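Have a look at the structure below before the remarks.
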Amino acid sequence: MKLTILGGGGFRVPLVYGALLADRAEGRVTEVVLHDLDDRRLHAVGRVLDEQAAGVPDAPRVTATTDLDEALAGADFVFSAIRVGGLAGRADDERVALAEGVLGQETVGAGGIAYGLRTVPVAVDIARRVARLAPDAWVINFTNPAGLVTEAMSRHLGDRVIGICDSPVGLGRRVARALGADPKQAFVDYVGLNHLGWVRALRVAGRDELPRLLADPALLGSFEEGRLFGVDWLQSLGAIPNEYLHYYYFNREAVRAYRQAERTRGAFLRDQQARFYVEAQRTERSALHAWERTRAEREATYMAENRESAGAGEREADDLSGGYEKVALALMRAIARDERTTLILNVRNGSTLAALDGDAVIEVPCLVDAGGAHPLAVAPLPAHATGLVCAVKAVEREVLAAAESGSRRTAVKAFALHPLVDSVNVARRLVDGYTEVHPGLAYLE
């Protein structure tokens, strides 16, 4: 079985390959094709994968190419983890937004819109090529903003593109651990959009254990979201929000913390990974060791500004292991082998959430089998959550419209309508600022 990884020179590719190495079952991936526009990054990551595969019998064969059509032809699965503009682009997204006093995070607010406007045209081109060159392939999208990009691709691939994110998985795991439950035995009732969802129930043996957690201040404050949002606010919500909702519920504090930081998250990762890629190409050193050291630092500093502004402390050791590669492998196994499982995924809504149309991509628990991912029926969201979901989905639709039409006016509308951008004039200046620093936005007129 052939897996093509787009963004194959990306830093997290070894996570995916490591998961494949551990999969010894029949029908597993036997061929991995890495595609990237940067030969040097492909070489560096290839060295890491070679070290990972050392001593592993029948390790999936790895090849690399900068030719997209060659990479896609004959693929059974396509894993998309591209980053249009690279980490330098992310750092620019943050800088332009913060200069206007608004959030520049890569998936939330102004930064997420800028990233989406750069990425959607590229993702649509990929979707069209997949439809032509590998019409039976399943596309697993991890490219951010994951829900928006998945929806753009679904207009050309239908339900054969599925978005994944490790954030709901980590949240469900932390809630289960706080309750003393085995995360593998718990069903997490999670509903929303990518990076904009809530855990509303956690069922173990059919019993909802979340009310017990919400009623116990000590228990509720014992894990990351309790410390990040505060016990009183979680009890007021009656749910546990995705960590990214901290940018909405505590926006002023988050913006202040990011503006006071020595450098933004994107700038930190840009510099950190630049050092890794240089080191990983030095033949006298272990590329795998360099990658592991860099990854440990990356995970430990994740959302550090938010935790600091909330007094939430350091990340727990159990949360430093990632998880999206496990979701990707579980998804591929379920489809390829018809191993029925339930995963929280980004899929087309259908009739799941009445407040949104059928083509809107949402993030919900899905039953996965050989036929793909099927969203499970969920109860309606409360009014406050519905309002936020509908507002952000409306912004996503404006981003898609701007990317399709090339309309600068529509791009301004997308920024202005976002709940975290408080002025049409700010929206206009943001579009001016982003088009000035990003050649990839030259299509906006």
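It should be emphasised that the depicted structure is a prediction, and the values quoted were computed from it without experimental measurement.
- Distance CG/L15 to CG/L329: 12.5 Å, rounded to 0.5 Å.
- Closest non-hydrogen pair, A416 versus A427, comes out as N-CB, 3.5 Å.
- Using bins of under 30°, 30° to 60° and over 60° for the plane-to-plane angle, the ring pair Y244/Y247 lands in the tilted bin.
- By the ring-ring contact (aromatic ring centres under 6.0 Å, His included) test, Y115 is found to be paired with no residue, residues two or more places apart in sequence or in another chain being considered.
- Taking the side chain as every heavy atom from C-beta outward, T30 and P60 never approach each other to under 4.5 Å.
- Atom CG of residue L228 and atom CZ of residue F250 lie 7.5 Å apart, to the nearest 0.5 angstrom.
- Proximity of a side-chain donor or acceptor of K413 to a complementary backbone N or O of V399 within less than 3.5 Å is not detected.
- Contact between T341 and A334 at its shortest, heavy atoms only, is CG2-CB, 3.8 Å.
- Under the 4.5 Å side-chain criterion, counting only non-hydrogen atoms from C-beta, D357 is not in contact with N349.
- Using a 4.5 Å heavy-atom threshold, the side chains of L42 and D38 count as separate.
- Residues meeting the side chain to side chain donor-acceptor pair (under 3.5 Å) test with D422, sequence neighbours left out: none.
- Contact check for L388 versus Y248: side-chain heavy atoms found under the 4.5 Å cut-off.
- Contact between A402 and L117 at its shortest, heavy atoms only, is CB-CD2, 3.9 Å.
- Formation of a donor-acceptor pair under 3.5 Å by the W291 side chain with backbone atoms of F11 is found in this model.
- Under the side chain to side chain contact (heavy atoms under 4.5 Å, CB included) criterion, A131 pairs with L157, sequence neighbours left out.
- At a threshold of 4.5 Å between non-hydrogen side-chain atoms, the residues N144 and V149 do not count as touching.
- The side chain to side chain donor-acceptor pair (under 3.5 Å) search around D125 returns R129, not counting sequence neighbours.
- Side-chain atoms of D23 never come within 3.5 Å of backbone atoms of R28 as a donor-acceptor pair (strictly under, hydrogens ignored).
- At a threshold of 4.0 Å, the pair D136-R160 does not count as salt-bridged, since none of the basic side-chain nitrogens sits closer than that to a carboxylate oxygen.
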task = Evaluate the criterion side chain to side chain contact (heavy atoms under 4.5 Å, CB included) for residue pair R265 and R90; output intermediate values, then yes/no.
result = CA-CA 9 Å; R265 177 66 172 174; R90 175 176 176 176; 3.2 Å; yes
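- Across V45 and G8, no two heavy atoms sit closer than the pair CG1-O, 3.6 Å.
- Salt bridge D189/R200: present, at least one basic N to carboxylate O contact under 4.0 Å.
- Counting only heavy atoms from C-beta outward, the side chains of L3 and E31 never approach each other to under 4.5 Å.
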task = Could you walk me through whether V78 and L6 pass the side chain to side chain contact (heavy atoms under 4.5 Å, CB included) test, one step at a time?
result = CA-CA 7 Å; V78 177; L6 307 181; 3.7 Å; yes
request  = Show the numbers, then the answer: is there a side chain to side chain contact (heavy atoms under 4.5 Å, CB included) between D159 and V347?
outcome  = CA-CA 7 Å; D159 293 327; V347 295; over 6 Å; no
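- Within the 4.5 Å cutoff, no side-chain heavy atoms of I164 are placed close to those of N141.
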key: Test log, rule side chain to side chain contact (heavy atoms under 4.5 Å, CB included), inputs V161 and W138   = CA-CA 6 Å; V161 57; W138 291 88; over 6 Å; no
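- Remark: side-chain polar atoms of E225 are not paired, donor with acceptor, to backbone N or O of P241 under 3.5 angstrom.
- The main-chain N or O of D432 is found under 3.5 Å from a side-chain atom of T435 such that the two form a donor-acceptor pair.
- Formation of a donor-acceptor pair under 3.5 Å by the H418 side chain with backbone atoms of L420 is found in this model.
- Proximity of a side-chain donor or acceptor of K393 to a complementary backbone N or O of V361 within less than 3.5 Å is detected.
- Annotation: R132, atom CZ; neighbour count of heavy atoms from other residues, nucleotides and ligands within 6.0 Å is above 12.
- In this structure, D67 contributes its side chain and E70 its backbone to a donor-acceptor pair below 3.5 Å.
- Closest heavy-atom contact between P375 and C366: CA-SG, 3.8 Å.
- We find the CG-OG distance between L245 and S167 to be 9.5 Å, quoted to the nearest 0.5 Å.
- In terms of heavy atoms, V130 sits closest to A137 at CG1-CB, 4.5 Å.
- The side chain to side chain donor-acceptor pair (under 3.5 Å) test applied to Q105 returns T107, not counting sequence neighbours.
- In this structure the side chain of V364 never reaches within 4.5 angstrom of the side chain of I344, judged on heavy atoms.
- Taking the side chain to side chain donor-acceptor pair (under 3.5 Å) definition, one finds that E100 meets it with R429, sequence neighbours left out.
- Salt-bridge formation is detected for the pair R333/E339: a Lys NZ or Arg NE/NH1/NH2 atom is positioned less than 4.0 Å from an Asp or Glu carboxylate oxygen.
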task = Using the salt bridge (Lys or Arg N to Asp or Glu O under 4.0 Å) rule, take R263 and E94 through it: C-alpha gap first, then chi angles, then the decisive distance, then the call.
result = CA-CA 10 Å; R263 53 182 170 171; E94 295 165 336; over 6 Å; no
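- Remark: the backbone N or O of E224 is not paired with any side-chain donor or acceptor of R174 at under 3.5 angstrom.
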ask   = Checking salt bridge (Lys or Arg N to Asp or Glu O under 4.0 Å) for the pair R203/D208: CA distance, chi angles, key distance, verdict?
value = CA-CA 4 Å; R203 299 188 182 92; D208 182 10; 5.6 Å; no
key: Full working for salt bridge (Lys or Arg N to Asp or Glu O under 4.0 Å) between R118 and D93   = CA-CA 11 Å; R118 289 203 311 280; D93 289 343; 2.8 Å; yes
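- Remark: V175 engages L171, L179, L202, L210, L213, F223, I240 in a side chain to side chain contact (heavy atoms under 4.5 Å, CB included) (not counting sequence neighbours).
- Between atom CG of residue L353 and atom CD1 of residue I362 there is a gap of 4.0 Å, rounded to the nearest 0.5 Å.
- Checked against side chain to side chain contact (heavy atoms under 4.5 Å, CB included), R155 has the following partners two or more places apart in sequence or in another chain: E151, R397, L400, E404.
- For the salt bridge (Lys or Arg N to Asp or Glu O under 4.0 Å) test, no residue two or more places apart in sequence or in another chain qualifies with D36.
- Applying the ring pair (Phe, Tyr, Trp, His ring centres under 6.0 Å) definition to pairs two or more places apart or across chains, those involving residues 139-172 are F142-Y324.
- Applying the side chain to side chain contact (heavy atoms under 4.5 Å, CB included) criterion to E436, with sequence neighbours excluded, gives no partner residue.
- With T4 contributing its side chain and L72 its backbone, the two residues share no donor-acceptor pair below 3.5 Å.
- Sorted by first and then second residue, the side chain to side chain donor-acceptor pair (under 3.5 Å) pairs involving residues 363-373 (not counting sequence neighbours) are Y190-E363, N194-E363, N346-E363, D369-H374.
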